[in-house]
Undergrad: 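Before anything else, here's the structure in question.
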Amino acid sequence: KPSENSPLENVSYLSNELVLENGASVLHAFDYRTILIEQLKFRKDRYVTEEEWKQLHNDCSEKSKQLFPSLTMIVCETLKHVERGRSLFKYTEKYHQQSINNTAIATYMSLLSLNYFSSLSIVGDKSSSVWSDEILRLYNLIKQSQIKHFSSQTATNIIKGLSVTNQWELCYQYLPFVDDENHCLAITNVVLAALHADDILSAIKLITNLSCTAANNTYPITDIIHDIFRNLNPQNKESLQFIEHVFKYLSRIDSFINKPAVDKMFFYFSNYKYESFDFGTTYAYSNGTCEKLPGLCLEPAEITDEEFNILRQYLMESAYGEKEVYNTTTPAEFKRFQSFLNGSNFTTVVDGLNVLYGVGRFGTDSSNVMDKTTKILKKMNINPKNMLFIARKHVMKRLTPDVQLALKSMCQLFLVDDTSRDDWFILYAAFYSKAQIVTSDILRKERGFFNGAAGKTSKINLLFQKWLYRYQYLWVKVGYKAPMAHKLRAQYRDDVWLIPYFDQPPVSVGERPEQWFYVYKKDEQKT
């Protein structure tokens, strides 16, 4: 172990599955948590003996010992190890009660509530969690601490725990402490508790307060909708009012659900007996018409001039300011590109390398791949003066003279240095000319740049996604998919609710759902 004056804190390895490999030395207590997660993430959950916990505790630094209950419980919750968490809390209550704080207690409450609303097998079953008594005992410990203010995470964990008990209404006391990051998780858990209790009125009030930007990676929208419909009782006549509010919420957000959530919708409408519905799924074409709903067209989508200008101004001032753009190119090359664009009238910008490697093995069969690419691009019927093909200089060096000539005859070319980042040139040209782009790229690096827009991140990202849907020809191996002419949001059209969803989980954020769930009352029958 390091000496008392050493800046290092030692976490020694143990001779059991809690071992921290190689006696790893850590500088902060947080590192203890990180190392423990890495050590246990591939281990099965199990009830750990007091002796094992004692060994781990003894081998922690003094600073880590002070936070041992809370940090270790956070690890258990992160890994969803209920039995390990139960044994930990029993050990700390017995031997280190003075170290237990509200963070540890609330995290344990959250752990015991794990997957409750996702695993209920009987719709309408109003029984509480098997851990309800223990959760309420833990809650009384928090009350006894007489602390009046809580961090957002602690309040959220208390809410998660209380929501699976018959005293779920206590959750309301802790909602004011929840910040934007935890808003979705906290509100949704109280919604599920209300639905579980068949309290539709409370559920409606809560869902109307759910932020439009709330769904996140912690609680994806598809999981929210899945759990809502799983806990919604179709035998309750008033439940239909709640569904309307859920659909209205979906109509305000740009996130999509997956098929498991749609399956739960099918179950609900199949078992709701107070009114008759027609429902199913349909393919939506890029022009907004629906395969199984003749005569119905989805709501047209267009990014307004104001929205486009907000996005373009942000990009031009931030991404293409001298501080940023010269990480992408050289001053001379960028000025040459700006001069090239001056006076142009491009309607389409092609991401050359992206398209070429999407068609085939451009590196080993360059001319043949380019020949196939030009044939596909010709089918777009775009005037050669209006199509800009951007690629790196090495592309032309790989092509035979006749293929080079064929490419030049159908578009304008701009070749960037092989060391430059061509994506930023493509994006700049598209916004300069208000042109559509041809690419399969989801522009992940460029999205990452938006995350630096303090206070604007959400708005700019949403506008950028909206722009992509409307202006991107999504390149696929067999050709391309035209930009969307309709809104990719839940919508109410001609007395029909339509909800976009992915039949298979998307592999990238750039994918677009083409399947839609639809439902309407039978007395509003479509022909």
Side-chain angles (χ1 to χ4, degrees), residues 17-18 29-30 32-50 52-53 56-57 67-97 99-120 127-143 145 150-168 170-171 174 177-178 181-182 184-190 192-193 196 217-219 223 227 231:
E17 71 173 53
L18 296 176
F30 174 79
Y32 155 75
R33 168 185 164 186
T34 303
I35 294 170
L36 194 59
I37 287 176
E38 289 299 311
Q39 188 64 25
L40 296 178
K41 66 182 180 181
F42 297 115
R43 304 284 185 176
K44 291 183 178 180
D45 183 22
R46 72 174 178 89
Y47 199 90
V48 179
T49 65
E50 289 183 359
E52 289 173 295
W53 285 125
L56 180 61
H57 183 270
L67 299 173
F68 180 83
S70 54
L71 287 178
T72 313
M73 189 61 74
I74 289 171
V75 170
C76 294
E77 188 201 29
T78 301
L79 300 176
K80 301 180 179 180
H81 286 186
V82 176
E83 290 303 306
R84 184 168 276 108
R86 289 180 61 226
S87 63
L88 169 65
F89 201 81
K90 182 177 180 180
Y91 166 75
T92 51
E93 271 197 306
K94 185 174 182 179
Y95 295 103
H96 306 286
Q97 192 168 17
S99 298
I100 298 177
N101 55 23
N102 283 341
T103 297
I105 298 171
T107 305
Y108 184 33
M109 289 174 66
S110 172
L111 178 63
L112 293 178
S113 72
L114 189 68
N115 295 331
Y116 175 71
F117 293 115
S118 301
S119 59
L120 290 172
S127 61
S128 301
S129 165
V130 294
W131 304 117
S132 181
D133 289 345
E134 175 67 356
I135 290 171
L136 292 175
R137 182 184 76 84
L138 295 169
Y139 176 65
N140 284 329
L141 294 178
I142 290 176
K143 294 291 287 183
S145 71
F150 299 87
S151 70
S152 174
Q153 188 60 59
T154 297
T156 301
N157 285 337
I158 293 172
I159 289 169
K160 288 169 65 179
L162 290 174
S163 68
V164 303
T165 74
N166 58 9
Q167 297 188 39
W168 63 271
L170 291 169
C171 295
Y174 298 91
F177 299 106
V178 176
E181 184 177 353
N182 291 305
C184 176
L185 187 59
I187 291 284
T188 304
N189 270 273
V190 189
L192 294 174
H196 185 61
N217 291 332
T218 305
Y219 204 165
D223 293 343
D227 290 350
N231 289 272

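Remember, it's a predicted structure, so these values are computed and weren't measured experimentally. Note: hydrogens, waters and symmetry copies are ignored here, and every other heavy atom, side chains too, is used.
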Undergrad: Checking the side chain of Asn182 only, and the main-chain atoms of Val178 only, is there a donor and an acceptor separated by less than 3.5 Å?
TA: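 No, because the side chain of Asn182 does not come within donor-acceptor range (under 3.5 Å) of the backbone of Val178.
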
Undergrad: Which atoms form the tightest heavy-atom contact between Lys160 and Ser110, and what is the distance?
TA: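 Where Lys160 meets Ser110 most closely, the heavy atoms are NZ-OG, 2.8 Å.
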
Undergrad: Using a 3.5 Å distance criterion without hydrogens, assess whether the side chain of Asp45 forms a donor-acceptor pair with backbone atoms of Val82.
TA: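 Between the backbone of Val82 and the side chain of Asp45 there is a qualifying donor-acceptor contact (under 3.5 Å).
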
Undergrad: Grab the two heavy atoms, one from Gly161 and one from Ile135, that are nearest each other, plus how far apart they are.
TA: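 Heavy atoms of Gly161 and Ile135 come nearest at O-CG2, 3.5 Å.
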
Undergrad: Determine whether more than 12 heavy atoms belonging to other residues, nucleotides or ligands lie under 6.0 Å from atom CG of Asn140.
TA: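 Result for CG/Asn140: enclosed.
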
Undergrad: Working to the nearest 0.5 angstrom, can you tell me the gap between Leu71 CG and Ile37 CD1?
TA: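 It comes to 9.5 Å.
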
Undergrad: With a 4.5 Å cut-off on side-chain heavy atoms, are Tyr108 and Trp131 touching?
TA: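 The answer is no; the side chains never approach within 4.5 Å.
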
Undergrad: Rounded to the nearest 0.5 Å, what separation is found between the CZ atom of Phe89 and the OG1 atom of Thr72?
TA: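 With rounding to 0.5 Å, CZ (Phe89) is 12.5 Å from OG1 (Thr72).
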
Undergrad: Any side-chain heavy atom of Val48 sitting closer than 4.5 Å to one from Leu88?
TA: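 Not touching, per the 4.5 Å side-chain cut-off.
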
Undergrad: Test side-chain contact (heavy atoms from CB on, under 4.5 Å) on His57 and Tyr95 and set out the steps.
TA: CA-CA 11 Å; His57 183 270; Tyr95 295 103; over 6 Å; no

Undergrad: Taking atom CD1 of Ile159 and atom CG of Leu185, what is their separation to the nearest 0.5 Å?
TA: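 Going from the CD1 atom of Ile159 to the CG atom of Leu185 covers 8.5 Å.
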
Undergrad: If you define the side chain from C-beta out and look only at heavy atoms, does anything of Arg84 sit under 4.5 Å from Leu40?
TA: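 Answer yes - side chains close enough.
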
Undergrad: Hey, mind stepping through Lys90 and Glu93 against salt bridge (Lys or Arg N to Asp or Glu O under 4.0 Å) and telling me if it holds?
TA: CA-CA 5 Å; Lys90 182 177 180 180; Glu93 271 197 306; over 6 Å; no

Undergrad: Would you check if Leu138 and Leu112 make a side-chain contact, meaning some heavy-atom pair closer than 4.5 Å?
TA: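 Contact flag for Leu138/Leu112 side chains = yes.
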
Undergrad: Met109 and Ile142: which non-hydrogen atoms are nearest, and at how many Å?
TA: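 Scanning both residues completely, I find the closest heavy atoms to be SD-CD1, 3.8 Å.
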
Undergrad: Are any non-hydrogen side-chain atoms of Arg137 and Asp133 less than 4.5 angstrom apart?
TA: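 They are not in side-chain contact.
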
Undergrad: Measuring from Leu162:CG to Ser128:OG, what's the distance to the nearest 0.5 Å?
TA: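 Answer rounded to 0.5 Å: 11.0 Å.
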
Undergrad: Angle class for the His196/Tyr116 ring planes (parallel below 30°, perpendicular above 60°, tilted otherwise)?
TA: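 Perpendicular: the ring planes of His196 and Tyr116 meet at over 60°.
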
Undergrad: Using the six-membered ring wherever Trp is involved, compare the ring planes of Tyr174 and Tyr139 and label them parallel, tilted or perpendicular (cut-offs 30° and 60°).
TA: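 Taking Tyr139 first and then Tyr174, their aromatic rings stand perpendicular (interplane angle over 60°).
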
Undergrad: Could you check whether Asn102 and Thr154, counting side-chain N and O atoms only, form a donor-acceptor pair closer than 3.5 Å?
TA: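 Result is no, nothing qualifies.
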
Undergrad: Check whether any side-chain heavy atom of Thr156 lies under 4.5 Å from a side-chain heavy atom of Ser152, and answer yes or no.
TA: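 They are in contact (side-chain heavy atoms under 4.5 Å apart), so the answer is yes.
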
Undergrad: Minimum heavy-atom separation for Ser132 to Asn166, with atom names?
TA: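 Where Ser132 meets Asn166 most closely, the heavy atoms are OG-N, 4.3 Å.
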
Undergrad: Could you walk me through whether Leu141 and Ile100 pass side-chain contact (heavy atoms from CB on, under 4.5 Å), step by step?
TA: CA-CA 10 Å; Leu141 294 178; Ile100 298 177; over 6 Å; no

Undergrad: So, for Ser163 and Ala193, which heavy atoms are closest and what is the spacing to 0.1 Å?
TA: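 Looks like O-CB, 3.4 Å.
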
Undergrad: Look up atom CG in Asn189 and atom CZ in Phe117, then write down how far apart they are to the nearest 0.5 Å.
TA: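 Here the rounded value is 6.0 Å.
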
Undergrad: Would you give the length of the straight line joining atom CG of Leu111 to atom CD1 of Ile74, rounded to the nearest 0.5 angstrom?
TA: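 Rounded to the nearest 0.5 Å, the CG-CD1 separation comes out at 11.5 Å.
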
Undergrad: When you compare the side chains of Glu77 and Thr107, does any donor N or O come within less than 3.5 Å of an acceptor on the partner?
TA: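 Side chains of Glu77 and Thr107: no pair found under 3.5 Å.
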
